[in-house]
Participant: 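Let me begin by handing over the structure; questions about it come next.
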Amino acid sequence: MERVKASFKAKLESALPGQEIIVERPKSAELGDFAFPCFRAAKALGKNPAQLAQELASQLSLEGAEILAAGPYLNLKLQGETRARLMLEALVAHPAFGSAQPHDETVLVEYSSPNIAKLFTIGHLRSTMIGHTLAQVNRYLGCRVWRLNHLGDWGTQFGTLLAAYKRWAETDNPALDQDFAWAEEIPEKRRTPLYRLFQLYVRFHQEEEAQPDMRAEARTWFKKLEGGDAEARRLWAWFREVSLKEFQRIYDRLGVSFDAMDGEAFYEDKLANAIDTLKAANLLEPGDGGAQIVRLEDRGIQTPSIMLKADGTSIYATRDLAAALYRRDTYHFDRCLYVVGSDQILHFQQLFAVLAKLDPWFEGRMSHTPFGMVKLPEGKMSTRKGNVVFLEDVLDEAVARVLAIIDEKNPELHDKARVAEQLGMGAVVFFDALNDRVKPITFTWDRVIALDGDTGPYVQYAHARICSVLRKAGGDWAAMAQPMASSEAALPFPSQAVPASLQGLDHPSAQALLFELAGLPDALRTVQRENMATALARQLLAIAKAFSAFYTHCPILWAENAPEVRDARLTLSLATARALRQGLFLMGIQAPEEM
RNA sequence: GCGCCCAUAGCUCAGGUGGAUAGAGCAUCAGCCUUCUAAGCUGGUGGUCGCUGGUUCGAGUCCAGCUGGGCGCACCA
């Protein structure tokens, strides 16, 4: 298919020497496979675009295709059989459709980055799954990817935790294994030390509002921690351990993993060096109130970046600076993506500006991928205030709703629990990718856990129906839809020969499906270019939708079908199953064979 | 007050580098299960793309102003 595009482009280039030739993808299959808008070239040549299109149409030809003028457009439309052969060859006879060869490009993706002693909320899902998809797609496109979890395991918040622990837990609940008498009851399945740490954190912030001097208490504890106080260190390590254990459970459930979990604390012994580097470059100067700052007015940023607080302790900017310097020296990356909420836009503008002043090498390599915050209908979520929706509650509710539908629609299904888990995750995760925009999301249960229409389960359903047909087809059809091994990004499917006759695919719905499958490589490149999962999710929906139409219009295993028709349709179905499974896999979503 | 982002159908949203009659889903209405999973398919209703100017052969897309929202603005992350 790429070769057809290239030769179309080459023909246009020789017909229109000196003109820039941009070949687009038409809006729908009826128009053709490739389109050339004639506006620009026509203007340069002083011609009418429609007339130019006519002229080109009569001049150019390509075997197996028609080149037609449609108003001001010149469209290349493959013959149905040629289109089918090209696509099926690419999809089932060759590995990893739409992928790219491994090449020397290193991409860092920093994502998830939860704060220790806080529970995962629905808000954390965004960074986690957007980051996961970006990492996976970049791998699929041949980049060397490092997945970094910049854990929030340092900072003043630990002062808060330490102070709160000393006040209300140390004497009567030191192991955090009892419920607090003063706290509201914890749901049965959430009774963990982490949850009680969270309660301590919330209480501290609530009481702090009435007694502002408690803030100094928290700061003092952080200073002790950063100063190496043994007790502070011991508690810190324990808080961290307790948190990581819970995080890991969530990551396992989401199928997310990392190449490095170097959190903020990891950079603690690198802070002094980072500060020295700033000093050596003459960038550090005293600011109001005794803090050490870097001025950024020359970069168009009025707010200076604070690098050391007045009490001499570090701040997150210091740790992000040290992390960036460390990553430069460790990974020699080409791009570093920070998948962090849009409320930190200014912070990253400052950070990137400081880095660029320090070392021009950073310019153009750093990129913040912001996303809109998740809000509740009542307003902003706040861990401190305790009005949050926990991620696990959303996941559990999704699974419960799926289970109820399975009991209603397919009560005989074996391994119900596993399938319900896969579909529930699919619903929640797919929703997040679909709505990947900088705009904030207002959380409502029915939206996030929708199971029909443009949803993950809709795509999963199309895949499951194909698998069902392949099973009934006998032979090794079903096995051909299975990856041969687990894999990082590109699923290894067995190679399948494309049948000699593809006449069973001349129905418009089959051709429309081929057209949507052909859009997958573009969608993947869009994900990479825009750092957004949306394009992939939308393309998978388009493929699933096109398959559903094909499925209802073209019987596959019909007894009256000629064997060639049956085989051609099975091959197209197989190709679709692979594309869907691969696409979902890149998004961190499983594709059950039955549902 | 300053800076960044957003505004598309009743609701929730898609609409690279300006270009083919502005697309989905939900909701609603009408059809479709004696053949491969109806979590589905087919069709209908529904839009002055916030407002006003401008650039252009051509603007949902670019520019300016306005209106209405979101986020941020020095020792939290």
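Order of the sequence lines fixes the chain letters, A, B, ..., with proteins taken first and strands second; residue numbering starts at 1 for each chain.
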Participant: So which nucleotide from C76(B), G72(B), A39(B) ends up closest to the side chain of D343(A)?
Facilitator: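 Of the options given, the side chain of D343(A) lies nearest G72(B).
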
Participant: Applying the side-chain contact (heavy atoms from CB on, under 4.5 Å) test to Q292(A), which of T318(A), L308(A), I275(A) qualifies?
Facilitator: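 The option that passes is L308(A).
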
Participant: Step through the shown structure and confirm whether more than 12 heavy atoms of other residues, nucleotides or ligands are within 6.0 Å of CZ on R240(A).
Facilitator: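 For R240(A), atom CZ is crowded (more than 12 foreign heavy atoms under 6.0 Å).
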
Participant: Is a donor on one side and an acceptor on the other found under 3.5 Å between the side chain of D33(A) and the backbone of K77(A)?
Facilitator: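 No, because the side chain of D33(A) does not come within donor-acceptor range (under 3.5 Å) of the backbone of K77(A).
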
Participant: Heavy atoms under 4.0 Å, any strand shown: does T303(A) hit a base, just sugar-phosphate, or nothing?
Facilitator: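 If one applies the 4.0 Å heavy-atom cut-off, T303(A) turns out to touch the sugar-phosphate alone, with no base involved.
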
Participant: Find out whether E593(A) and R581(A) are in side-chain contact, i.e. whether some heavy atom of one side chain is under 4.5 Å from a heavy atom of the other.
Facilitator: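 When only atoms from C-beta onward are counted, R581(A) and E593(A) do touch, with a gap below 4.5 Å.
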
Participant: Base, sugar-phosphate or nothing for C467(A)? Non-hydrogen atoms, less than 4.0 Å.
Facilitator: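 C467(A): no heavy atom of the nucleic acid under 4.0 Å.
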
Participant: Taking any heavy-atom pair under 4.0 Å as a contact, classify L541(A): base, sugar-phosphate, or nothing.
Facilitator: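 Nothing, no nucleic acid heavy atom in range.
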
Participant: Check the phosphate of U37(B) against K472(A), side-chain N and O only, distance under 4.0 Å to OP1 or OP2. Yes or no?
Facilitator: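 So the side chain of K472(A) is within the cut-off, an N or O lying under 4.0 Å from OP1 or OP2 of U37(B).
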
Participant: Q292(A) near the nucleic acid: base, sugar-phosphate alone, or nothing, with a heavy-atom cut-off under 4.0 Å?
Facilitator: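 Touches nothing.
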
Participant: Reading RNA chain B from 5' onward, which residue's closest nucleotide shows up sooner: A549(A) or T534(A)?
Facilitator: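 It is T534(A), whose closest nucleotide lies nearer the 5' terminus.
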
Participant: Does Q344(A) reach a base, just sugar-phosphate, or nothing at all? Heavy atoms under 4.0 Å.
Facilitator: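 It contacts base atoms.
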
Participant: Can you tell me if Y458(A) is stacked onto the base of A39(B), using a 5.5 Å centroid cut-off and an angle below 30°?
Facilitator: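 No, aromatic ring not over the base.
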
Participant: How is I293(A) classified with respect to the nucleic acid when contacts are heavy atoms under 4.0 Å: base, sugar-phosphate, or nothing?
Facilitator: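 Result for I293(A) = base.
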
Participant: For U42(B) and C33(B), measure between their P atoms and round to the nearest Å.
Facilitator: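 One P to the other, the span is 15 Å.
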
Participant: Strictly distance-based, threshold 3.5 Å: is any side-chain N or O of N561(A) a donor or acceptor partner for the main-chain N or O of P555(A)?
Facilitator: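 Here the side-chain-to-backbone pair exists.
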
Participant: Would you say the base of G40(B) stacks on Y461(A) (centre-to-centre below 5.5 Å, plane angle below 30°)?
Facilitator: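 Y461(A) vs G40(B): stacking no.
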
Participant: Taking CG from L513(A) and C1' from C41(B), how many angstroms apart are they, rounded to a whole number?
Facilitator: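 In whole Å, C41(B) C1' lies 15 Å from L513(A) CG.
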
Participant: Please work out if R529(A) contacts a base, only the sugar-phosphate, or nothing of the nucleic acid, heavy-atom cut-off 4.0 Å.
Facilitator: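 Touches a base.
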
Participant: For every nucleotide of nucleotides 28-33 of chain B, 5' to 3': is a protein heavy atom under 4.0 Å from its base (B), only from its sugar-phosphate (S), or from neither (-)?
Facilitator: ------

Participant: With Watson-Crick and G-U wobble geometry limited to distances under 3.5 Å, how should the secondary structure of RNA chain B be encoded in dot-bracket form, using | for bases paired to another strand and [ ] for crossing pairs?
Facilitator: (((((((..((((.....[...)))).(((((.......))))).....(((((..]....))))))))))))....

Participant: Verify the ring-centre separation between Y316(A) and H150(A): is it less than 6.0 angstrom?
Facilitator: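 H150(A) vs Y316(A): aromatic centres not under 6.0 Å.
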
Participant: State, without any angle test, whether D446(A) and T444(A) hold a side-chain donor-acceptor pair at a distance under 3.5 Å.
Facilitator: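 Checked: D446(A)/T444(A) side chains show no N/O donor-acceptor pair below 3.5 Å.
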
Participant: Please report the distance, rounded to the nearest Å, between CG in L351(A) and C1' in G72(B).
Facilitator: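 Those two atoms, CG and C1', are 16 Å apart.
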
Participant: Whole angstrom is fine here: how far is it from CE in M532(A) over to P in C6(B)?
Facilitator: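 Result: 11 Å.
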
Participant: Is the Y201(A)-F239(A) ring centre distance short of 6.0 angstrom?
Facilitator: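 No, too far apart.
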
Participant: Nearest to the side chain of K27(A) - A20(B), G16(B), A38(B)?
Facilitator: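 Nearest listed nucleotide: A20(B).
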
Participant: Can you check C33(B) for me, syn or anti if syn means within 90° of 0?
Facilitator: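 Syn conformation here, the glycosidic angle of C33(B) being no more than 90° from 0.
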
Participant: What does R295(A) touch in the nucleic acid at a heavy-atom separation under 4.0 angstrom: a base, only the sugar-phosphate, or nothing?
Facilitator: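 No contact.
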
Participant: Side-chain N or O of S342(A) less than 4.0 angstrom from OP1 or OP2 on C5(B)?
Facilitator: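 No, S342(A) has no side-chain N/O under 4.0 Å of OP1/OP2 on C5(B).
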
Participant: Would you say the side-chain atoms of H347(A) and Q350(A) include a donor-acceptor pair closer than 3.5 Å?
Facilitator: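 No - no donor-acceptor pair under 3.5 Å links their side chains.
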
Participant: Just to be sure I understand the rule, does R215(A) reach a base, reach only the sugar-phosphate, or reach nothing, if contact means heavy atoms closer than 4.0 Å?
Facilitator: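 If one applies the 4.0 Å heavy-atom cut-off, R215(A) turns out to touch the sugar-phosphate alone, with no base involved.
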
Participant: Does N75(A) make a side-chain donor-acceptor contact with the base of A20(B), cut-off 3.5 Å?
Facilitator: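 Answer yes: a donor N or O sits under 3.5 Å from an acceptor.
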
Participant: Need one value for G341(A): base, sugar-phosphate or nothing, where a base atom within 4.0 Å counts as base even if backbone is also close, heavy atoms only.
Facilitator: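 No contact at all - G341(A) keeps every heavy atom at 4.0 Å or more from the nucleic acid.
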
Participant: So is R25(A) actually on top of F515(A)'s ring, under 6.0 Å and inside 45° of the axis?
Facilitator: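 So R25(A) does make the cation-pi contact.
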
Participant: Which part of the nucleic acid does I301(A) contact within heavy-atom distance under 4.0 Å: base, sugar-phosphate only, or nothing?
Facilitator: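 Nothing, no heavy atom under 4.0 Å.
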
Participant: Any N or O donor-acceptor pair under 3.5 Å from the base of A77(B) to the side chain of Y316(A)?
Facilitator: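 Indeed there is one.
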
Participant: Think R471(A) has a side-chain N or O under 4.0 angstrom from the OP1 or OP2 of U37(B)?
Facilitator: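 Negative; the distance criterion is not met.
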
Participant: Spell out yes or no: do the side chain of D288(A) and the base of A74(B) have one donor N/O and one acceptor N/O closer than 3.5 Å?
Facilitator: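 Side chain to base: pair present.
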
Participant: Are K409(A) and A39(B) close enough that a side-chain N or O sits under 4.0 Å from OP1 or OP2?
Facilitator: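 Yes, because at least one side-chain N or O of K409(A) sits under 4.0 Å from OP1 or OP2 of A39(B).
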
Participant: Quick check against the 3.5 Å criterion: does W236(A) have a side-chain atom that pairs as donor or acceptor with the backbone of D153(A)?
Facilitator: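 Yes; at least one donor-acceptor contact below 3.5 Å.
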
Participant: Touch check for G152(A), heavy atoms < 4.0 angstrom, all strands: base, sugar-phosphate only, or nothing?
Facilitator: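 No contact.
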
Participant: Pick base, sugar-phosphate or nothing for M595(A), based on heavy-atom distances below 4.0 Å to the nucleic acid.
Facilitator: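 The answer is base, as M595(A) lies within the cut-off (heavy atoms under 4.0 Å) of a base atom.
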
Participant: Looking at A77(B), I'd like to know if its phosphate oxygens (OP1 or OP2) sit under 4.0 Å from a side-chain N or O belonging to R319(A).
Facilitator: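 True: R319(A) side-chain N/O within range (under 4.0 Å) of A77(B) OP1/OP2.
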
Participant: Rounded to the nearest angstrom, tell me the gap between atom NZ in K43(A) and atom P in G58(B).
Facilitator: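 Atom NZ in K43(A) sits about 9 Å away from atom P in G58(B).
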
Participant: Decide, for G54(B), between syn and anti: a glycosidic angle within 90° of 0 counts as syn, anything else as anti.
Facilitator: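 G54(B): anti.
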
Participant: How would you label the contact of P26(A) with the nucleic acid (heavy atoms, under 4.0 Å): base, sugar-phosphate, or nothing?
Facilitator: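 The answer is base, as P26(A) lies within the cut-off (heavy atoms under 4.0 Å) of a base atom.
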
Participant: Take atom CD1 of I315(A) and atom C1' of A74(B), then tell me their distance rounded to the nearest Å.
Facilitator: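 These atoms are roughly 8 Å apart.
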
Participant: Are R40(A) and C57(B) close enough that a side-chain N or O sits under 4.0 Å from OP1 or OP2?
Facilitator: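 Looking at the OP1 and OP2 atoms of C57(B), neither is under 4.0 Å from any side-chain N or O of R40(A).
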
Participant: Nearest heavy atom decides the nucleotide; on that basis, is Y551(A) or Q302(A) closer to the 5' end of RNA chain B?
Facilitator: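 The residue closer to the strand's 5' end, by nearest nucleotide, is Q302(A).
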
